[in-house]
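Let me begin by presenting the structure, written as structure tokens, before commenting on it.
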Amino acid sequence: MLSMNLEGLEMIAVLVVVVLFVKVLEQFGLLESGYDDSVEDELELSAVRHRPEGLEQLEAQTRFSRKELQILYRGFKNECPSGVVNEDTFKDIYAQFFPQGDASTYAHFLFNAFDTDHNGSVSFEDFVMGLSILLRGTVQEKLNWAFNLYDINKDGYITKEEMLDIMKAIYDMMGKCTYPVLKEETPRQHVEVFFQKMDKNKDGVVTIDEFIDCCQNDENIMRSMHLFENVL
Amino acid sequence: MAAGVAAWLPFARAAAIGWMPVANLPMPVAPAEKNKRQDELIILNVSGRRFQTWRNTLDRYPDTLLGSSEKEFFYNEETKEYFFDRDPDVFRSVLNFYRTGKLHYPRYECISSYDEELAFFGIVPEIIGDCCYEEYKDRKRENAERLMDDQEDNKDAKLPNMTFRETMWRAFENPHTSTMALVFYYVTGFFIAVSVITNVVETVPCGSAPNQKEVPCGERYTVAFFCMDTACVMIFTVEYLMRLFAAPSRYRFMRSVMSIIDVVAILPYYIGLVMTDNEDVSGAFVTLRVFRVFRIFKFSRHSQGLRILGYTLKSCASELGFLLFSLTMAIIIFATVMFYAEKGSSSSKFTSIPASFWYTIVTMTTLGYGDMVPKTIAGKIFGSICSLSGVLVIALPVPVIVSNFSRIYHQNQRADKRRAQKVQKARLARIRISKTGSSNAFLHSKRNGLFNEALELTQLPYKMNLSDQGSTEDEKRLSKSTSLLESQHHHLLHCLEKTTNHEFVDEQYYQQSYLEGGLQNYPSRSPSLSSQDGVTGTCCTRRTKKHHTPLPNASAPAHMQPLTHTHTHPQGLQELSTIHIQPLSTSRSSLNMRVDEPAPLNCQSSQITTAIISIPTPPVTTPEGDAHLPAGPAHQNVVKVSAL
């Protein structure tokens, strides 16, 4: 009979040896470990690939010419080889144009405005349709688009909170180094001015009709709508 | 802005419409797009390989060659493409930079050629992408080290105006430059060895008288050892003082490692001289003797390998530090464990944790002296784990140190090989031969050209006839064989001659007229030819007997002929001695002319084949006369207008 008086440290020593032994067996595959790693890891699909509709269809749906669509697609595909833009890439791209400030919030709103089918990614069709409106659409369509952008929850009304979010996002893009120095209440003041102008019936929200009416009566806004028409 | 993102600028501008309704102020006018043309393909023909890309792609980087109007210089009207006579393989990377916005460095490309291409296309190498930047930097560093090595080779060359002090310093630093330095080098090495051996033998027990216990040799032959020590220290002191005197920057020299070692090596002796009588500090005096062993470090001046080892250890300081740290950690852990494991056993040597340190160190380095062994089971188990982990911990940082050492060692090997005389000689020989060829050809054609000229000058009335008859067959043949490039080159040299009113001649002629000119006080600056300077004059003394007119007429080559076989130079001018050819001005020096021996002694052909540059082949000589014909540096101005 083995009468081993195992003292404390000897116990620990034996334990260590046993653990090492088990590990060695595992390495040799003779002993299966407790749970398997999920097989799904291997089957993880890489990025989604998307191919846009044909050139003719896009030509029909948008107001771009064939050549313009070609140029647009080449630029698009260069930056997003997988064919779709997800929100992070979108934010990165947009942030490159505004190095001084933080463009991520505004990019988020833009992304939602472009992502018309709300599937979390902007495909080339979405992209080109949005651009078509912005660059070649009628003033009405442009104003519609802008309203859509401001209306964050897409319920047809712009509330002060939504407008404040948008305003803060726009001011964020400016960054810190501005003249005159940006103050905390600047966005809020700007929102007040906006609402004073737009909210005709003073019910605290701006509807699409109020918005369009007001904009059409404003010379500056009308003029600026035509500003980027020859961008492409 | 990245190239790809530039394509999204229209989108960003369009999205700005989102700001318009909230704006209170009018917007600025958009910049007008002048000549908004459709995007077109442009063809870039690089050494025959055609690359095509959109014009807009190239316009992304307007501060490079392809992006700016600079490329218009390369536009080929007939083929309507841009032609660049450059390497098409490297151009691939360049064009990809425009396309993707990232510049990659292909590993198989030579770093200098890549840099040149980048410089040509106006691209700054710093924008190489992160993926390739490390590789690029490594290659660049290696290249720079190689260039530095080459420069060090050139530094060895003796400068003409060196003071005695500078000469001495140079002799100390590079022993192979002169015989004196070599002698000094070996003498000091010998004395270092003697000193070290003395120190060692001092402690060996010599045979002793039967009734006395064994004494070390040092105490038996005190006087002898003292004399040896004195001699060595004197030599070292003299050496140190001489080095101190010769050093260009004494302060920096005194701070350098080698000089500190020197000082530490000789100081104990002097301190010992001072303190011999004081009993109190004799213990410290004994300790000082230990420092005498530092003399062995003086060998590092003599051994390249030692220096490399030292340098390697210095450069691997972080790995060594890590090794030390991890070892310390492991030692403490295992010592603690062993102590507590062995606490129970009786008569255990593991009396305390610090006492267990010794066991741990001996076990981890797999020495295993056996003076301390665990007796309990737990102790044995942990002891075996300790030795296994010791092997691992030590094995990890060692390869890093080894690879560092290997790299530095190979670099030094390469530098040494290049410095070796043979390679140097061969390389310089190749250069000389190539220069020979060209100047040969020049003189060659010049002779024939001058034939024509002389003929024209002297036979003006017959000029018409001459042109009708044409030149001799020889000249005809020769003139055909010169290519356009050669003739242009020759024309250039000819222009130079006309400009300076001096001429290129071959050596024989030079020797002749030099001696006739009798420039005895020509300072000799030929490096390391002190033993061979006198030679050049000897042969020419013979020449003076001959008289010849310096006219380059048809007889000239033949005239030179009889001279050549008497003209002999022994072993002379094996180094590059710049014998200043007589009718030259300073501008000639820029052509790097060097005189040589009449390498081909066969002057049967009427063409002068001696060049101005070549390796001298040593013909036999009979040294007589001692007219010194020293080799002059290129910048000496010997003005003797030839009648040519």
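In the text below, chain A, chain B and the rest are named by the order of the sequence lines, each starting its count at 1. If you're wondering where the values come from, they're calculated on a predicted model, not measured in any experiment.
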Subject >> Best-contacting candidate, A:His190, A:Lys197, A:Glu219, A:Arg223, against chain B by heavy atom pairs under 4.5 angstrom >> reply: A:His190
Subject >> Top of A:Tyr106, A:Phe194, A:Trp145 for chain B proximity - count of heavy-atom pairs under 4.5 angstrom >> reply: A:Tyr106
Original post:
Is there a side-chain contact between A:Cys215 and A:Met198, using heavy atoms and a 4.5 Å cut-off?
Top reply: yes
Original post:
Given a strict heavy-atom distance threshold of 4.5 Å, which part of A:Met222 is in contact with chain B: side chain, backbone, both, or neither?
Top reply: neither
**OP:** Pick one of side chain, backbone, both or neither for B:Ile17, based on which atoms fall under 4.5 Å of a heavy atom in chain A.
**Re:** both
Original post:
Checking B:Phe382 against chain A: side chain, backbone, both or neither under 4.5 Å from a heavy atom?
Top reply: side chain
**OP:** Between chain B and each of A:Phe211, A:Phe76, A:Phe147, A:Tyr150, count heavy-atom pairs under 4.5 Å; write down the option with the most.
**Re:** A:Tyr150
Subject >> Part of A:Val191 within contact of chain B (heavy atom distance under 4.5 Å) >> reply: neither
**OP:** Against chain B, label A:Phe109 side chain, backbone, both or neither, depending on which of its atoms sit under 4.5 Å from a heavy atom there.
**Re:** neither
Original post:
Do B:Arg86's NZ or CZ and the ring of B:Phe120 fall within the cation-pi criteria of under 6.0 Å and 45°?
Top reply: yes
**OP:** Answer with side chain, backbone, both or neither: which region of A:Ala146 has an atom nearer than 4.5 Å to a non-hydrogen atom of chain B?
**Re:** side chain
Subject >> Row check, A:Phe124 ring normal vs A:Lys77 NZ/CZ: under 6.0 Å, within 45° >> reply: no
**OP:** Below 4.5 Å from any heavy atom of chain B, which atoms of A:Val85 appear? Answer side chain, backbone, both or neither.
**Re:** side chain
Original post:
What class does the angle between the rings of B:Tyr114 and B:Tyr105 fall in, given that below 30° is parallel, 30 to 60° is tilted and above 60° is perpendicular?
Top reply: perpendicular
Original post:
Any Lys/Arg nitrogen of B:Lys102 or B:Asp130 sitting under 4.0 Å from an Asp/Glu carboxylate oxygen of the other?
Top reply: no
**OP:** Assign the ring pair B:Phe11 / A:Phe127 to parallel, tilted or perpendicular, where the plane angle (0 to 90°) is split at 30° and 60°.
**Re:** tilted
**OP:** On the 0 to 90° scale, with breaks at 30° and 60°, tag the A:Phe98-A:Tyr94 ring pair as parallel, tilted or perpendicular.
**Re:** tilted
